[in-house]
Every structure is written in C-alpha cells, then in structure tokens.
Amino acid sequence: MTGTDLDAVARAREGDREAFDRVAMQVVDRLYRIARLILRDTELAEDAVQETLVRAWRDLRALRDPARFDAWIHRLLMRAVTDEFRQVQRQRAVVTVLRPEASMRDDSEAIAVREQLERGFQRLTMEHRTVLVLRLYLGLSLEETAVTIGIPVGTAKSRLHYATEAMRDALAADARPPLQEVTA
Amino acid sequence: MNAGRDVERLIAGWLDEEAAPRAPDRILDTARRSIHRTGQRRIVVAWREPMYMSPLRLAGIAAAFTVAMVGAAWFGRMTASSGVGGTPTESARPSAVASAEITIKDFRAARNEICARYAAELNPLKPQLDGIYDAATSATDRAAMISTLRRIADRADAMIGELQTVPVPGAVVADQTANISRLQDTTSLIRQELTRLAAGELAEAQALDLATDPLSRQVEAFENKYGLAACP
C-alpha cells in the first residue's frame, strides 16, 4: 500500500536528515490526499501535512519499530488535521468547497451522483469524514482506523455506520429532479 | 448488506476520484525549512495532545515553568543559555574527567557504547507514553505511563552517571561538562513533570516537557560537533 523505505526510516530515526527527506518525499502525496479529503480545503490540508512532517521528524526517535512508521505518521496526520479543523472553527473561517476537477466529460447522471456524494460528504462532521476516508479510501481495517484516530473500535464502527447511512440518505434524499442548469 | 456494500463502493470510488494526484511542492519545501531548524526530541514524551488552556491556566503554567527554571538555576545546573563550547559556571557543576592520554576517538567510542546501550533500553519505552497528556486517558493507563516515564528518568540518571566516568580529552572537557549538566537538567524537568502528572496537572506537565526542547537541541549540537552517536 505504501512502499515507505524502512531503512530510510531507521536512519532518519538516528538523526539522518537526508534519510528523512527521502521518507518525506515518499509519504507526502498520500498524506496530502488524506488531509485534503477530510478537511475539504487545500490550504488547510497543506498546513496539516507540513505540521505532520515536522512533528514526525521531531518525534521520530520515539518510534520503536520502523515497520510501524505508516501507522504512526497517519496518527500524527490525524492530530494535525484535527488541529487545523479546530483552528478554522475558532476563526469561523469559510472553508472552500473543493470542486470535482475531472467531471466535465461525465454524463449528467454521474455528475448528479457525484454532487449528491459531495453534498452528503460535506454535511458530515469531520469525525465521520475521517472514518470514511481512512476506511474506504485508505483501506484500513476497523481496528487500524480506530488506532489511527485514537478511539475505541466500537466507536469507529459506530461512526462508520452513521457516516455510511448519512451518505446513503443523502443519495436517497437527492434522488429528485436535478438542477437544470447551474449559473455562476 | 449488499446495499451497504454498494454505498461503500460508491463512496470509495468517489473518494478515489476526489483525491488530489499529488501534493504541491511547496509543502515539502516549507517542511524542509522547518525541519532544518528543528532537532529531534530525546528522552521526553513524544506525543503531545492539543488542549485548550484558559488564560488563567496559562499564567499558572508560566509560573510553574519559571519556578522550575529558577530552581534548576539555583542549584547551579542550568545551562540552557550557554551554547556548545560555552564556559560552565562554578559551584555544583558536574565535571568531566580530563585525561591527557585520551583521544577524541577513544572518548567517542566509550561514550557511544554507553549511549547505544541505553538507547536500546529506553527508546522502546517511549511509544508507551502515547496519550500521557490526554485527559481522556484512563487513570489506570496514565498510572502505567507515569511509571514508565519514571523508569526512563531513573535509567537516564544512571546513563548520565556512566557518562560522567568517561575519560575526556582536555579540549572537550568544558563541552562535556556542560553537556552533562544539560542532560541532568532534562531529567530534573522530567521529574517535576512526573509530580505534575501524578497531581493530574496535565497542561503543566506538558509545559515542563516542552521546556526540555532547548536542552535537547543543545545536546544534539554537542553530539554533532564531535561526531557522537545520539544518547536517548
């Protein structure tokens, strides 16, 4: 799934900055995708990933087993994502809604489904979005999802159930005549 | 069940399409600049919980921190303001053992052996401290974490004791003495942190943990200066 260079992780843990740079290059895209999906905002996602990488470097010596690096850095990312989200909430900033970039060629039905999914996803809390992204995008097991977020497995299961149901409801509720045209 | 799977597949497919192809280069560029200025943390707890602190609480933490630092300085072991190669002050400072016959290579080998041994023992303990500042951590788990942190502090003190016995080339004595002081200051702060943790004062404990960062950076600078392995 990840292909992180474990030897580089081990060397980075001993203070090798070049090795850490190599590791960072290997994980940055994945971290960014996850953060962007959860936060739905490119700038916040960038900040969260930057913070994650800096924290990872700073605390890497605490990582006992390099093979656990991916799980460990995902946990760091979740913390950074939560921090970013809380900051936004405090500042009451407007979160930019991401637009699908490759939808121009799709047929109208596919566009409608995407918009339904987008609306449903947008209405979820960040906690529910996080579970969906970790479980359905990253492909983590429920146990791994729970550990990554730092919640009991039962809570992760409950959140996943709620989020999936909410998405299903969004699809069902939006199964009405689509908008004829969108004007700017 | 099938309907549930269908929805999950639909969501998974949509998330796949929504995911950005790659991260902008500026993320790594900015992170690199920060990392360049950031040292790795050592004995101290690796995990930090974000927590809200009221102004009153912040003032309390500042006061606790001030008392801790003044206390350390009063005992003549405060070295945070002296850089690598700085001249240690007099009084109760630990002093390194100078030896005319010892080369830097000998010193490096002896010190590295000690540090590697303690690193193998202490580094595996650190992940057990995850969540130590988290208010949601159960009392039982926190008690276990406190016990682990105490063990780390005890063993760190033992390591420092061994480091003090290492013969040092004359040119390195001042730096080695200052470095020993910094390691002692670090464990001193951790012991104060233990007291705070035991009292349930999590934010104050975390503030003390943060106060070890400048000391860690100075220890790292010392190790880099002489090409030494990292002590835990």
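Order of the sequence lines sets the chain letters (A, B, ...), proteins ahead of strands, with each chain counted from 1. Small disclaimer: the values here were computed from a predicted structure and weren't measured.
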### Summary
For Arg155(B), the side chain to side chain contact (heavy atoms under 4.5 Å, CB included) test, sequence neighbours excluded, returns Tyr118(B), Glu121(B), Leu122(B), Arg151(B), Ala158(B)

### Task
Return yes if some donor-acceptor pair links the side-chain N/O of Ser147(B) with the main-chain N/O of Ala143(B) below 3.5 Å, else return no.
no

### Message
Closer than 3.5 angstrom, by distance alone: can the side chain of Arg33(A) be matched with the main-chain N or O of Arg22(B) as a donor-acceptor pair?
### Response
no

### Donor on one side chain, acceptor on other, Tyr133(B) and Glu193(B), under 3.5 Å
yes

### Query
To the nearest 0.5 Å, what is the distance between CG (Leu44(A)) and CZ (Phe85(A))?
9.5 Å

### Task
Write out, in numerical order, the residues from residues 24-35 of chain B with a heavy atom short of 4.5 Å from a heavy atom in chain A.
Pro24(B), Arg26(B), Ile27(B), Leu28(B), Thr30(B), Ala31(B), Arg32(B), Ser34(B), Ile35(B)

### Query
Relative to chain B, which segment of Glu14(A) carries a heavy atom at a distance below 4.5 Å: side chain, backbone, both, or neither?
backbone

### Query
Which of these passes salt bridge (charged side-chain N to carboxylate O under 4.0 Å, His left out) with Glu18(B): Arg36(A), Arg40(A), Arg114(A)?
Arg40(A)

### Contacts of Arg117(B) that satisfy salt bridge (charged side-chain N to carboxylate O under 4.0 Å, His left out) - sequence neighbours left out
Glu113(B), Glu162(B)

### Salt-bridge contact Arg182(B)-Asp185(B) (side-chain N to carboxylate O under 4.0 Å)
no

### Backbone N/O of Cys231(B) and side chain of Glu223(B): donor-acceptor pair under 3.5 Å
yes

### Message
Is Arg13(A) in contact with chain B via its backbone, its side chain, both, or neither, using a 4.5 Å heavy-atom distance?
### Response
backbone

### Message
At under 4.5 Å between heavy atoms, what parts of residues 17-25 of chain A are in contact with chain B? List them by residue number.
### Response
Arg17(A), Phe20(A), Asp21(A), Ala24(A), Met25(A)

#### Entry: Contact origin within Ala48(A) toward chain B - heavy atom pairs under 4.5 Å
neither

### Query
Non-hydrogen atoms of chain B under 4.5 Å away: do they reach the side chain of Val133(A), the backbone, both or neither?
both

### Task
Quick one: do Asp59(A) and Trp72(A) satisfy side-chain contact (heavy atoms from CB on, under 4.5 Å)? Show the steps, please.
CA-CA 11 Å; Asp59(A) 293 341; Trp72(A) 180 73; 4.1 Å; yes

### Query
Would you say Arg129(A)'s side chain and Leu37(A)'s backbone share a donor-acceptor pair under 3.5 angstrom?
no

